[in-house]
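So that the names make sense, note that chain A is the first sequence line, chain B the second, and so on, each numbered from 1.
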Amino acid sequence: MTFSQINQILFEGFGVTCELFFLTLVFALPLGLLISFGSMAKLRPIAWVFRTIVWIIRGTPLMLQLFVIFYVPGFLLGRSPFAEIDNGRFIAALIAFVINYACYFSEIYRGGIESIPKGQYEAGAVLGLTKTQTFFHIVLMQVVKRILAPMSNEVITLVKDTSLARVIAVAEIFFINEMSLLSKGLIWPLFYIGVFFLLFVGVLTVLFNYLERKLSYYKV
Amino acid sequence: MKRILSVLLAVMMLACTLFAFTSCGEESDWEKIEERGYFYCGITVYEPMNYYDEEGNLVGFDTEFAQAVAEKLGVEVKFTTISWPNKYMELNSGAIDAIWNGFTYGDEDGVSRTEYVDFTYSYLENRQVIVTAKNSGLTEKASFAGKKGVAEGGSSGQAVAEELAGEDKVTTFTSQVDALREVASGTADFAVIDYQMARAMVGVGDYPNLEINGAYSPDSEVYAIGCRKGSDFTAKINEAIKALAEDGTLATLAEKYGLENDLIENIGE
């Protein structure tokens, strides 16, 4: 196999990896916020339900969740919903990743929201803002600043966690590499893949540093 | 506001769960496949059964065989690469409809595979062979005792490797080619894989330093296609296989991939 053929194979796999990464972020970031509201709900039973969900998702391996989401519906329904659609494996992996990461994100959001002093809410009330306005215009903006560092941690972990999708045979970069290159006895593409990830995470790190600098106003 | 939001969330979740449990059908396997217009073949990539040619097309004896059967049945076939140890879960959950990848009719971990799947007619002869590095010094059956063996997890080769080296000396991998790589890189002493694959890959191409070791020859076995237990798809495939055997399509295919000596004569009798 020529270098350009190998490149093409790896880029194809890396495309799937990137797709999984970005789509997970797009869905998990808002879902995480919703879950954090749920686990902070004043109505106790609802808070318990959400905290139990977070406990289960954070307490079980992502690999197990991938297996459950992809295989169990087929056993329950008698036909696998993921076999009926194109890209069923990818969709199953995406669902598992979104749920898993939303739960981790929700705890980061919760920590951020609960760290905002009561005075901020009172100031909002004094200014005549409604509770919703106070939350979205005053509190959430400050939360974003505070949770940037732990978020960057999770996001970088997500880049590398995408390779777990291979357990349900999603054609991400490691699976593709194993099936078409490692199986031919080629070892060096593994290191080449390492460079892909290193560059990707490098870009993310620079991006997060930039955001942190941009958001460091009002610092005393 | 927050309270309304949380109630809304709870309702949404309930709706999702309900949605997931509706739409149960009582159709047979074949009706499902016919309605959908295609069936999934679970494969792993290896020569000469399912592999990619220079242009990147999936070819191989089993690939073309499955395509021919699909054509006879009037549906399409989609190949999906699976992790071999997960094959029964893939099959029973409906993620694939057939295990069709040089699937040996025989035992796995001492349990007959007929416990897990319904087999179609067998179509090709195979046996397990031992692959070692050239000049490995492993010249008789006893010399394998205590050596590091590798095989594909849940394959018939695993049983042979465990018999030779001892159960705790055998490491299993998700595909046969992984096992070959272990021997090539020197991290294992021998691999037990399918003869058909060894013939295509050992001693040539990327593995010039390996050889098929003649110190021990396990009994011969046959390949068949594995379908879900109780599925009516098995009979459908059998019909098509018989037709393909009679009109000579199978013989032509076997010759194309150099398997003419291993094709089973009078399939289905």
Side-chain angles (χ1 to χ4, degrees), chain A residues 1-2 5 8-9 12 31 33-35 37-47 49-50 53 67-68 70-86 88-89 92 130-135 166-171 175-176 178-187, chain B residues 1-3 5-10 12-13 20-27 29 32-33 35-36 38-40 42-47 51-52 54-56 78 80-84 86 89-97 173-178 180-181 184-185 201 205-208 210:
Chain A
M1 246 191 287
T2 65
Q5 273 174 313
Q8 200 196 334
I9 290 171
E12 219 169 273
L31 185 64
L33 195 59
L34 287 183
I35 295 175
F37 290 154
S39 56
M40 288 185 295
K42 290 226 176 62
L43 221 66
R44 273 304 170 81
I46 287 178
V49 167
F50 278 91
I53 292 172
F67 271 119
V68 167
F70 184 62
Y71 292 115
V72 170
F75 285 112
L76 288 181
L77 304 174
R79 59 196 295 172
S80 173
F82 298 112
E84 315 277 326
I85 45 177
D86 278 347
R89 283 164 199 272
T130 65
K131 274 191 171 170
T132 322
Q133 284 173 328
T134 312
F135 181 78
R166 65 190 289 286
V167 298
I168 55 168
V170 172
F175 191 76
I176 281 234
E178 182 171 311
M179 288 305 154
S180 40
L181 300 178
L182 261 184
S183 62
K184 290 217 161 67
L186 291 171
I187 306 292
Chain B
M1 171 66 195
K2 259 193 202 161
R3 188 168 301 185
L5 201 71
S6 37
V7 171
L8 213 78
L9 273 173
M12 250 165 57
M13 283 178 45
F21 281 96
T22 50
S23 75
C24 279
E26 286 304 315
E27 293 165 286
D29 256 12
K32 270 183 247 171
I33 291 166
E35 178 198 319
R36 199 162 65 185
Y38 55 86
F39 65 90
Y40 281 105
I43 60 164
T44 59
V45 176
Y46 77 92
E47 287 177 53
Y51 63 99
Y52 291 95
E54 292 293 313
E55 280 90 50
K78 291 192 179 184
T80 175
T81 312
I82 60 167
S83 186
W84 194 245
N86 292 348
M89 197 150 55
E90 293 273 350
L91 189 67
N92 291 330
S93 75
I96 60 172
D97 301 300
F173 292 88
T174 51
S175 72
Q176 297 202 61
V177 277
D178 287 347
L180 263 193
R181 189 179 66 245
S185 67
M201 292 183 75
D206 295 303
Y207 298 111
L210 300 184

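Of the atoms belonging to A:Val72, not a single heavy atom falls under 4.5 Å from chain B. Contact of B:Ala95 with chain A is made through backbone and side chain together, with heavy-atom distances under 4.5 Å. Residue B:Thr80 touches chain A through its side chain alone, counting heavy-atom pairs closer than 4.5 Å. B:Thr174 touches chain A through its side chain: at least one heavy atom from C-beta onward sits under 4.5 Å away, while N, CA, C and O do not. Both the backbone and the side chain of A:Glu84 come within contact range of chain B, judged by heavy atoms closer than 4.5 Å. No part of B:Leu180 comes within reach of chain A, as not one of its non-hydrogen atoms sits under 4.5 angstrom from that chain. Using a 4.5 Å cut-off between heavy atoms, B:Glu90 contacts chain A through both its backbone and its side chain.
In this structure, A:Gln5 contributes its side chain and B:Glu54 its backbone to a donor-acceptor pair below 3.5 Å. Remark: the backbone N or O of A:Ile168 is paired with a side-chain donor or acceptor of A:Arg89 at under 3.5 angstrom.
In this structure the side chain of B:Phe39 never reaches within 4.5 angstrom of the side chain of B:Asp29, judged on heavy atoms. Within the 4.5 Å cutoff, side-chain heavy atoms of B:Met89 are placed close to those of A:Phe75.
Looking at every heavy atom in both residues, A:Ser39 comes nearest to A:Phe50 through N-CB, 3.7 Å. Here the closest heavy-atom approach between residue A:Ile9 and residue A:Ile176 is recorded as CG2-CG2, 3.2 Å.
Aromatic ring orientation, B:Tyr38 versus B:Tyr40: perpendicular (interplanar angle above 60°, classes split at 30° and 60°).
Between chain B and the residues A:Gly74, A:Pro73, A:Ala83, the largest count of heavy-atom pairs under 4.5 Å involves A:Ala83. Options B:Ser93, B:Ala184, B:Ser83 differ in how many heavy-atom pairs under 4.5 Å they form with chain A, and the most are formed by B:Ser93.
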